[in-house]
Amino acid sequence: MFTLLTVAQPDTLEAAYKVLKEKKSNAVLGGCAYLRLGSQKINTGVDLSKLGLRYIKDSASSIEIGAMTGLRDIETNVALNNYADGLLPKAAANIIGVQFRNVVTVGASVFMRYGFSDVITALLALDTEVELVKGGQMTLAAFLDTPRSKDILTKIVINKTKGHAAYQSLRNSASDYPLLTVAVSQLDGEWKIAVGARPTRAKLAMQAATLLGQAGNDMTAVIVEQAVQAAVGELSFGDNRRASAAYRQVVAETLIKRAVAEVVACR
Amino acid sequence: MQITVIINHRQVTLDVQPDDFLVDTLREQGLYSVRRGCDTSCCGLCTIWLNGKPTLSCSTLSFRANGQHITTIEGLRHEAEEFAGVLATEGADQCGYCSPGFILTVLAMKRELVNPTEADIVHYLTGNLCRCTGYQGQLRAIKKYLGVIE
């Protein structure tokens, strides 16, 4: 169990960042569900709950999600359910249970770059950017590739483009972590294939997506199979207690095929 | 640090440590229906309502409840007894350890979902684990209680 000596509840992001930087052992408090499983000794926990970061704002061009928004709010939000075939709510819906999703926050899930995260996989298949206090605004893909440093994620921005998306995952049991996650999208004609829980964090299969894009409206089983093989070739898979690397690769082939079929059927 | 919370419609001021979790804080107030189960945020035994939403008390820091409404099964006694009676009729509880969290989740579902299907019910209750029953009696009881027609 982690220990927390004091709590700061700043009123501004600048004040929150200042407290975070004061000591190496200071940390941001998100949902705290994963934090409590560890044994970190935190001097000052920076609580973001007074900063108004719990929101989902829908506009014609984008959907903005505040960092302290819970996964249950994401699951039930009308705007998110109506965008990209409800990709993000579908990804969030299988995470443990309703009570858990009322505790955990999207900001913590994304900032910590969890390998097992369903929401990161889904967000990666959309046109997603993140905003940080120090790092500014960047694409989610770029953020995931940067090493973790002291910063505060404030919001996630999903830029809206027309198209379809599908989510697939496999778990050993309903409330377990996934052993593999897949999100496929075709937005504004551009394909994206994101594979996560490898067990490492989600990554885009770029060459595979290019193959699908070249097919245009003439998608055939042969092209899909080529794209699937390209995807598992360019991504790496590993062993952990939930699955072996070999099993993950076979599962990835199946889940990518299913997700692509779902997107093609929606077109 | 001091917090002021409304527990089962009663305002109380409590002294808590920064890293205290609600499960312990509430049990210290004599609310023994709130139980520690897995301690890894998976089982739902510790379920309470925070501002009417089912939430894991084992994973919610107590200071975050400052100014908020907390409901445990002690605060929903009559409604909980009604549903517990249906559970008993269907033979749906054995040791009873998971029951308070389970009942709170069902009562939250009753408020949140309109005309749930069996699939909706099963999905909503994924976060409540029971080691004894195999869930069939509980599902029968919920469908009977909510008047779900097959």
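Protein chains get the first letters and strands the later ones, always in sequence-line order, with residue 1 at the start of each.
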Rounded to the nearest 0.5 angstrom, the CG-CD distance for A/Leu5 and B/Gln17 is 10.0 Å
Side-chain donor-acceptor pairs of residues 119-127 of chain B under 3.5 Å, sequence neighbours excluded:
from     : atom 1 : to       : atom 2 : distance (Å)
B/Asp120 : OD2    : B/Thr117 : N      : 2.9
B/Asp120 : OD2    : B/Thr117 : OG1    : 3.1
B/His123 : NE2    : A/Ala93  : O      : 2.9
B/Tyr124 : OH     : B/Glu112 : OE1    : 2.8
B/Thr126 : OG1    : B/Val122 : O      : 3.2
B/Thr126 : OG1    : B/His123 : O      : 2.7

Specify the closest pair of heavy atoms between A/Ser49 and B/Arg64, including all atoms of both residues, with the distance to one decimal. OG-NE, 4.4 Å
Go through the atoms of A/Tyr34 and report whether side chain, backbone, both or neither lie under 4.5 Å from a heavy atom of chain B. neither
Could you check whether atom CZ of B/Arg111 has more than 12 heavy atoms from other residues, nucleotides or ligands sitting under 6.0 Å from it? yes
Can you name the nearest heavy-atom pair linking B/Leu61 to A/Cys32, along with the distance? CD1-SG, 3.6 Å
With A/Pro178, which residues qualify under side chain to side chain contact (heavy atoms under 4.5 Å, CB included), at least two apart? A/Phe116, A/Asp118, A/Arg171, A/Thr181, A/Ala197
Which atom names give the shortest non-hydrogen contact between A/Arg36 and B/Asp39, and what distance separates them? NH1-O, 2.6 Å
Below 4.5 Å, heavy-atom pairs only: which of B/Gly101, B/Cys58, B/Pro18 has the largest tally toward chain A? B/Pro18
Could you grab the distance from atom CD1 of A/Ile96 to atom SG of B/Cys42, nearest 0.5 Å is fine? 4.5 Å
Relative to chain B, which of A/Ile95, A/Leu37, A/Leu35 shows the most heavy atom pairs under 4.5 Å? A/Leu37
So which residues of residues 100-110 of chain A are in contact with chain B at a heavy-atom cut-off of under 4.5 Å? A/Phe100, A/Arg101, A/Asn102, A/Val103
What part of A/Thr3 gets within 4.5 angstrom of chain B, counting heavy atoms only: side chain, backbone, both, or neither? both
Do A/Lys41 and B/Asp19 sit within salt-bridge range, that is, some charged N less than 4.0 Å from a carboxylate O? no
Neighbour count above 12 (heavy atom, 6.0 Å) for B/Arg36 CZ: yes
What residues of residues 13-20 of chain A sit under 4.5 Å from chain B when you count only heavy atoms? none
Residue B/Thr60 versus chain A: region with a heavy atom under 4.5 Å: side chain
Full working for side chain to side chain contact (heavy atoms under 4.5 Å, CB included) between B/Thr55 and A/Gln99: CA-CA 4 Å; B/Thr55 304; A/Gln99 310 92 314; 5.6 Å; no
